[in-house]
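Accompanying notes for the structure given below.
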Amino acid sequence: MTMIGLVDCNSFYVSCERVFQPRFLGLPVGVMSNNDGCVIALSNELKALGIKMGTPAFEIQHLVRQGRIHLLSSNYELYGDMSARVQEVLEEYSAGVEPYSIDEMFVRFDGFAKDQRLKHARQLHRKVRQFTGIPVCVGVAPTRTLAKLANRAAKKIPTYQGVCVLHPDSRETQVLLKKIELGDVWGVGRRLVERLAVIGIKSAWDLAQADPKRIRRQFSVTLERTTLELRGIPCIEMNDFHEPRQRIMTSRSFGKLTGDMSEIREAIRQHGQRGAEKLRSQNSLARAVLVFLKTNPFRQDLPQYSPSLILELPRPTNDSRAILSATGQALQRIYRKGYLYQKGGVMLLDLIDAGRQQLSLFDTPQSDADRQRSEKLMGVMDELNRRMGRSTVTLGRPSPGAAWHLRCANRSARYTTRWDELPIVRV
DNA sequence: TGGGCGGCT
DNA sequence: AGCCGCC
């Protein structure tokens, strides 16, 4: 019998901050997205004030000024490191871990006798807290979808105290399916909830009772799988985290609205280089690039323009110079004067494995030599940036103070990954 | 008023 | 290419 656990960190980003700044314990605290745009992690105290995930930060700035709530800029270096620590603890106490996101990990639960599952789940719950300081909830069930559901119950229903085990075909599973809202089921979003309501499916239980073939016909294979998983039949595999990405996107809001071509060009160059680095780190080549710009859709008083353009590369490459050359051309062609742009970015598409690149018919010894030089140059750049910090070596001129620099006014120290930012303890 | 990925139609 | 899903 397959059994799978899902360990989900509570208010993960907020919890990371609290580990190093205990004064935030018990207070309404939120962590904002990149660019301090909106709230993406909330402490329970902040949720209790009625503030929701995704609330724009500017809407609640008055509460910050009054000192009634605290908003922190996000500190991904810290969260990434804390996530690795959680994973290490789970690996130590379990038979296998599949990271799913920065704050969620699936854990193998096969091979435990029925009466041992709860004990083991409680042990994971306790050990992660003990060794990392991060509070987590644990859900265990025969499928990933049910494990997510169990986790949700563990988080929301106090009697579970953070740990919920659903044994195969149990009464408890039925009760929960009837209690949990459809939109809380993994894979069922807002739109599907609306469409399912039309045919009378309103709860997770209803979906579990539906005919999978009909679901497949009227909706999709993904939803059919969800339906089967709700019945305890495993059919969703994890994307292996080690599989290379199929496409790579780097984009960011400019710090302010801008129509200035030179500022935008700099930002796009930055994204192109960052994308090329990601490409090389997963040992892939791109066959095409996409560049996009976007005006601010919330400013209906301003003219709207959201162009994008795909350019094929002359040959598959991960050379920053070739990629920048393509992104530059694409930008040139989509940029229009007279608009204020909010955001821009680069996607690298049609990725292939660098090791399995077929030699093109048109390859000559000359281009082979070029490729070797390219690999050498890119390798040196990546190595310098790795050792000395990101953006030590870049192509093109740096432009300090440009509009597109990240806003992160209230970021905490990178306590666990920078020697000069170690926390200080007084005893 | 985020950023970045996958999958299906 | 566009939509939807997830976190």
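Naming: A, B, ... by sequence-line order, numbering from 1 per chain.
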If you look at every strand shown and take non-hydrogen atoms under 4.0 Å, does [X] touch a base, only sugar-phosphate, or nothing?
X	answer
A:L223	nothing
A:F219	sugar-phosphate
A:E194	nothing
A:Q246	sugar-phosphate
A:T55	nothing
A:V185	sugar-phosphate
A:I102	nothing
A:D36	nothing

Can you tell which of [options] lies closest to the side chain of [X]?
X	options	value
A:L192	B:dT9, C:dG5, B:dG2	C:dG5
A:I310	B:dC8, C:dC7, C:dA1	C:dA1
A:W186	C:dC6, C:dC4, B:dT1	C:dC6
A:P56	B:dT1, C:dC7, B:dG4	B:dT1
A:N34	B:dC5, C:dC7, B:dG2	B:dG2
A:N35	C:dG5, C:dC7, B:dG3	B:dG3

Taking A:R217 first and then A:E224, would you say they form a salt bridge - that is, a charged N and a carboxylate O separated by under 4.0 Å? no
I'd like to know if A:R85 and A:E88 make a salt bridge, using a cut-off of under 4.0 Å between side-chain N and carboxylate O. no
Atom pair CG (A:L90) and NZ (A:K127), whose distance is rounded to the nearest 0.5 Å: 12.5 Å
Is [X] near enough to [N] that one of its side-chain N or O atoms lies under 4.0 angstrom from OP1 or OP2?
X	N	answer
A:S251	B:dG4	yes
A:K343	B:dG3	yes
A:R245	B:dC5	no
A:S253	B:dG3	yes
A:R299	B:dT1	no
A:K148	C:dG5	no
A:R190	C:dG5	no

Could you check whether any side-chain heavy atom of A:T132 comes within less than 4.5 Å of a side-chain heavy atom of A:C9, counting everything from C-beta outward?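 Side-chain contact under 4.5 Å: no.
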With the side chain counted from C-beta on, respond yes when A:S320 and A:R280 share a heavy-atom pair under 4.5 Å apart, and no when they do not.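 Side chain of A:S320 against side chain of A:R280, heavy atoms only: contact under 4.5 Å found.
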Face-on cation placement of A:R195 at A:F219 ring, 6.0 Å and 45° thresholds: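 Not satisfied by the 6.0 Å and 45° rule.
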For the residue pair A:N10 and A:S15, confirm or rule out a side-chain donor-acceptor distance under 3.5 Å. no
Is a donor from one side chain sitting under 3.5 angstrom from an acceptor on the other, for A:H167 and A:R117?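 A pair is found: one side chain offers a donor N or O, the other an acceptor, under 3.5 Å apart.
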In whole angstroms, how far is the [atom2] atom of [N] from the [atom1] atom of [X]?
X	N	atom1	atom2	answer
A:I236	B:dG7	CD1	P	12 Å
A:K155	C:dC7	NZ	P	10 Å
A:I60	B:dT1	CD1	C1'	12 Å
A:M238	B:dG6	CE	P	12 Å
A:R195	C:dC3	CZ	P	14 Å
A:L351	B:dG6	CG	P	9 Å
A:R152	C:dC6	CZ	P	11 Å
A:H271	B:dG2	NE2	C1'	12 Å

If you assign A:M53 and A:R225 each to the DNA chain B nucleotide with the nearest heavy atom, which residue ends up on the more 5' nucleotide? A:M53
Quick check: on DNA chain B, is the nucleotide nearest A:K278 upstream (toward 5') of the one nearest A:V221, or the reverse? Name the residue that is more 5'.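 Per heavy-atom nearest nucleotide, the more 5' residue is A:K278.
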Could you say whether the aromatic ring of A:Y100 and the base of C:dC7 stack, counting only centre distances under 5.5 Å and plane angles under 30°?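 Stacking between A:Y100 and C:dC7: absent.
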Using the C1' atoms only, state how far C:dC6 lies from B:dG2, rounded to an integer number of Å. 14 Å
Taking atom types as they are modelled, is there a donor-acceptor pair under 3.5 Å from the base of B:dG6 to the side chain of A:R247?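 Flag set: donor-acceptor pair detected.
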